[in-house]
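Here is the structure we will look at.
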Amino acid sequence: MTNKLKLNKINTQIDNFDGYITNIGDIFGKLKNITIKGKITSIKRMEFDNYIFAFVTIKDDNNKIICLIAGIRDNMKTLLKEINVNDNYLLQGNVSILNEENNDLNDFPIKEYINDNKLFCVKAIERVK
């Protein structure tokens, strides 16, 4: 598993934002390069080798989704200090649908963190007022 991990540093500003925000309740399948907005309600961390995986629950007006923010341990320690529960954020990334056949994360005990087999993989996160 660790040989397959190719994690980019998470950006702290949303680039190329066209103003369109996807409602969490409208997500039904795999989506690429979308932006969601909501309040962070919880953060659960998992450390493995030289990596930190943060499972962040974000809630918009009516729905919630689990977001995966992953990276090299030193980078993630700094980033996670800046992320606060109950603050609002814009998050940009891709939605993956997890199932038993195509799930590369089966080696990790993460099923308890994920709702509806949808996982929002974060590329950028920015606090908003």
Side-chain angles (χ1 to χ4, degrees):
M1 173 71 187
T2 56
N3 293 335
K4 294 181 185 180
L5 288 178
K6 293 181 178 138
L7 302 174
N8 295 323
K9 188 172 180 182
I10 305 297
N11 293 322
T12 56
Q13 289 188 326
I14 304 295
D15 294 329
N16 303 320
F17 181 51
D18 62 3
Y20 183 77
I21 297 173
T22 300
N23 293 318
I24 294 171
D26 295 341
I27 298 171
F28 287 101
K30 292 170 62 173
L31 295 171
K32 298 270 188 199
N33 202 30
I34 65 168
T35 303
I36 60 175
K37 179 181 178 181
K39 181 185 288 189
I40 291 181
T41 59
S42 71
I43 301 171
K44 298 195 184 303
R45 293 170 182 85
M46 181 185 296
E47 296 190 33
F48 176 78
D49 287 343
N50 194 32
Y51 306 101
I52 293 179
F53 300 88
F55 296 91
V56 176
T57 304
I58 189 164
K59 186 176 188 311
D60 64 9
D61 292 335
N62 299 310
N63 298 285
K64 65 181 179 178
I65 192 167
I66 304 301
C67 304
L68 173 63
I69 304 174
I72 303 296
R73 191 169 189 278
D74 289 339
N75 297 336
M76 287 293 293
K77 287 190 308 186
T78 304
L79 177 67
L80 290 173
K81 285 180 186 175
E82 302 298 320
I83 297 174
N84 300 311
V85 172
N86 294 323
D87 283 351
N88 291 308
Y89 290 87
L90 284 173
L91 293 98
Q92 194 172 61
N94 304 321
V95 176
S96 294
I97 304 299
L98 306 178
N99 61 44
E100 296 302 321
E101 294 83 39
N102 69 358
N103 185 359
D104 286 337
L105 299 175
N106 277 331
D107 295 338
F108 293 96
I110 64 166
K111 293 288 187 188
E112 64 192 74
Y113 299 133
I114 300 171
N115 298 328
D116 301 327
N117 288 331
K118 290 186 272 190
L119 185 65
F120 186 83
C121 301
V122 176
K123 296 188 294 186
I125 181 170
E126 181 177 329
R127 184 179 301 161
V128 293
K129 297 184 190 242

Using every non-hydrogen atom in the two residues, find where [X] and [Y] come nearest and quote the distance to one decimal.
| X | Y | result |
| --- | --- | --- |
| Cys67 | Val122 | CB-CG2, 3.7 Å |
| Glu47 | Arg73 | OE1-NE, 2.7 Å |
| Phe53 | Tyr51 | CE1-CB, 3.8 Å |
| Leu80 | Ala54 | CD2-CB, 3.8 Å |
| Ile58 | Tyr89 | CD1-O, 4.0 Å |
| Lys32 | Asn94 | CA-OD1, 3.2 Å |

Taking the side chain as everything from C-beta on, heavy atoms only, tell me whether [X] gets closer than 4.5 Å to [Y].
| X | Y | answer |
| --- | --- | --- |
| Lys129 | Asn88 | no |
| Asn84 | Arg127 | yes |
| Thr35 | Asp18 | no |
| Phe120 | Leu68 | no |
| Ile34 | Val95 | yes |
| Ile72 | Asn50 | yes |

I need the [X] [atom1] to [Y] [atom2] distance, nearest 0.5 Å.
| X | Y | atom1 | atom2 | result |
| --- | --- | --- | --- | --- |
| Asp15 | Phe17 | CG | CZ | 12.0 Å |
| Leu91 | Thr22 | CG | OG1 | 12.0 Å |
| Asp60 | Ile24 | CG | CD1 | 4.0 Å |
| Cys121 | Ile10 | SG | CD1 | 9.5 Å |
| Leu119 | Phe55 | CG | CZ | 7.0 Å |
| Ile14 | Ile125 | CD1 | CD1 | 8.0 Å |

(request) Taking atom types as modelled, find out whether Thr41 and Thr57 have a side-chain donor-acceptor pair closer than 3.5 angstrom. (result)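 No.
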(message) Walk me through whether Ile27 and Lys118 qualify under side chain to side chain contact (heavy atoms under 4.5 Å, CB included).
(response) CA-CA 9 Å; Ile27 298 171; Lys118 290 186 272 190; 3.9 Å; yes
Inspect the surroundings of [atom1] in [X] and state if more than 12 heavy atoms from other residues, nucleotides or ligands are less than 6.0 Å away.
| X | atom1 | value |
| --- | --- | --- |
| Asn16 | CG | no |
| Lys59 | NZ | yes |
| Lys39 | NZ | no |

(request) Test side chain to side chain contact (heavy atoms under 4.5 Å, CB included) on Leu90 and Ile21 and set out the steps. (result) CA-CA 9 Å; Leu90 284 173; Ile21 297 173; 3.9 Å; yes
(message) Side-chain heavy atoms nearer than 4.5 Å, only ILVMFWY residues, links allowed to pass through others: does that put Met76 and Val85 together?
(response)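 Yes, Met76 connects to Val85 through the hydrophobic network.
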